[in-house]
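Heavy atoms only: backbone and side chains are in, while hydrogens, waters and symmetry mates are out.
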Number of protein chains: 2
Amino acid sequence: MKLIIDQINKVFENKTRLGIMSALMVNESVDFISMRELLGVTDGNLSSNISVLEHNKYIKVKKRFINKKTNTSFSITKVGRNAFQAHLNALEELLKWRLK
Amino acid sequence: MKLIIDQINKVFENKTRLGIMSALMVNESVDFISMRELLGVTDGNLSSNISVLEHNKYIKVKKRFINKKTNTSFSITKVGRNAFQAHLNALEELLKWRLK
DNA sequence: CAAAGCACTTTGATATTCAAAGTATCAATA
DNA sequence: TATTGATACTTTGAATATCAAAGTGCTTTG
């Protein structure tokens, strides 16, 4: 069981980051405001958790202007997708372990 | 998606506690030493996380003597089982959400 | 040109984590 | 029978994490 637990990724042991990653697994790109609405979190919370994921190279952040307003959007990286998938697999293993 | 994320239980956002609960879902009772070995954690880590689960009434702690040595064992409560199941359902929902 | 809004980021008080140090009891060795 | 070691935990606290309020830098509106 230790082997399974070791595969659980600390970065994803957080509601907001779990939500961000889930959203980016199915959406090519999601912008700041949409993500905030989707998750129902404060902007401060979203911003700091985005930073954590970015520093881990799990997501990419793209900033641009859309009619004179800043627009920040996120996408998942290959590394992020693999790490998240590994985390989900570990969770699944933990549940399978329960049954044997 | 906010509705799903809200169902994620903060108490279970921790490797050790996730492991404890998984173990107690399938084992009527597990003692301190066995749990520590099973999870591969330090005794301090196990002890403090057991306290968290106990204060949340998710597990019961039973202390007794087995040939003059203290023996502490844990079991899941009805409340704990329900809470953990709800948490697992939320995780599952989050994954299902990914597919639509 | 203030004042208000928008789209974020930073700050910091508060909460959490977990291993080292501590406690209590028993067993063995000298 | 002191003394050291082992076992079975618990407590402490330094390090780290969380997240909402306050801050920043724009633009727009009155």
> Expressed in angstrom and rounded to an integer, what is the separation of A:Asn45 atom CG from D:dA22 atom P?
Replying inline: 17 Å
>> How many whole angstroms separate atom CG of B:Asn49 from atom P of D:dT11?
In response: 14 Å
> Got a second to check how far B:Leu91's CG is from A:Leu95's CG, nearest 0.5 Å?
Replying inline: 8.0 Å
> With sugar-phosphate meaning primed atoms plus P, OP1 and OP2, does A:Ser48 contact a base, only sugar-phosphate, or nothing at under 4.0 Å between heavy atoms?
Replying inline: base
> Within this structure, what is the CD1-to-P distance between A:Ile66 and C:dA7, rounded to whole angstrom?
Replying inline: 10 Å
> When the nearest nucleotide of DNA chain D is assigned to A:Asn67 and to A:Thr42 on a heavy-atom basis, which residue is associated with the more 5' position?
Replying inline: A:Thr42
> How far apart are the closest heavy atoms of A:Lys10 and A:Arg17, and which atoms are they?
Replying inline: O-NH2, 4.0 Å
>> So which atom in A:Asn9 and which in A:Ala83 form the shortest heavy-atom distance, rounded to 0.1 Å?
In response: ND2-CB, 4.2 Å
> When we call it a touch if two heavy atoms are under 4.0 Å apart, what does A:Lys15 touch: a base, just sugar-phosphate, or nothing?
Replying inline: nothing
>> Applying a 4.0 Å non-hydrogen cut-off, can you work out what A:Thr72 is touching in the nucleic acid: base, sugar-phosphate, or nothing?
In response: sugar-phosphate
> How long is the line joining CD of B:Glu54 and C1' of D:dT11, in whole Å?
Replying inline: 15 Å
> Given atom NE2 of A:His55 and atom C1' of C:dT10, what is their separation to the nearest angstrom?
Replying inline: 13 Å
> At under 4.0 Å between heavy atoms, what does B:Arg17 touch on the DNA or RNA strands: base, sugar-phosphate, or nothing?
Replying inline: sugar-phosphate
> Does a nitrogen or oxygen in the side chain of B:Lys68 sit under 4.0 Å from OP1 or OP2 of C:dC26?
Replying inline: no
> Tell me: CZ of A:Phe12 to P of D:dT18, nearest whole Å?
Replying inline: 13 Å
>> So, OP1 or OP2 of C:dT17: does either fall under 4.0 Å of a side-chain N or O from B:Lys10?
In response: no
> Would you say D:dA8 has OP1 or OP2 under 4.0 Å from some side-chain N or O of B:Thr70?
Replying inline: no
> Which nucleotide in the set C:dC6, C:dC8, D:dA20 lies at the smallest distance from any side-chain heavy atom of A:Asp43?
Replying inline: C:dC8
> Can you tell which of C:dT17, D:dC19, C:dC8 lies closest to the side chain of B:Asn14?
Replying inline: C:dT17
>> Without decimals, in angstroms, what is the distance between B:Leu39 CG and C:dC18 C1'?
In response: 14 Å
> With distance as the sole test, does A:Thr77 use its side chain to make a donor-acceptor pair with the main-chain N or O of A:Lys57 at under 3.5 Å?
Replying inline: yes
>> What's the closest nucleotide to the side chain of A:Ser47 if the choices are D:dC19, C:dT9, C:dC8?
In response: C:dT9
> Looking at D:dC9, C:dA19, C:dC8, which one has an atom nearest to any side-chain atom of B:Ile33?
Replying inline: D:dC9
> Between the side chain of A:Thr16 and the main-chain N/O of A:Leu46, is any donor-acceptor distance below 3.5 Å?
Replying inline: no
>> From CG of B:Leu46 over to P of D:dC9, roughly how many Å is that when rounded to an integer?
In response: 9 Å
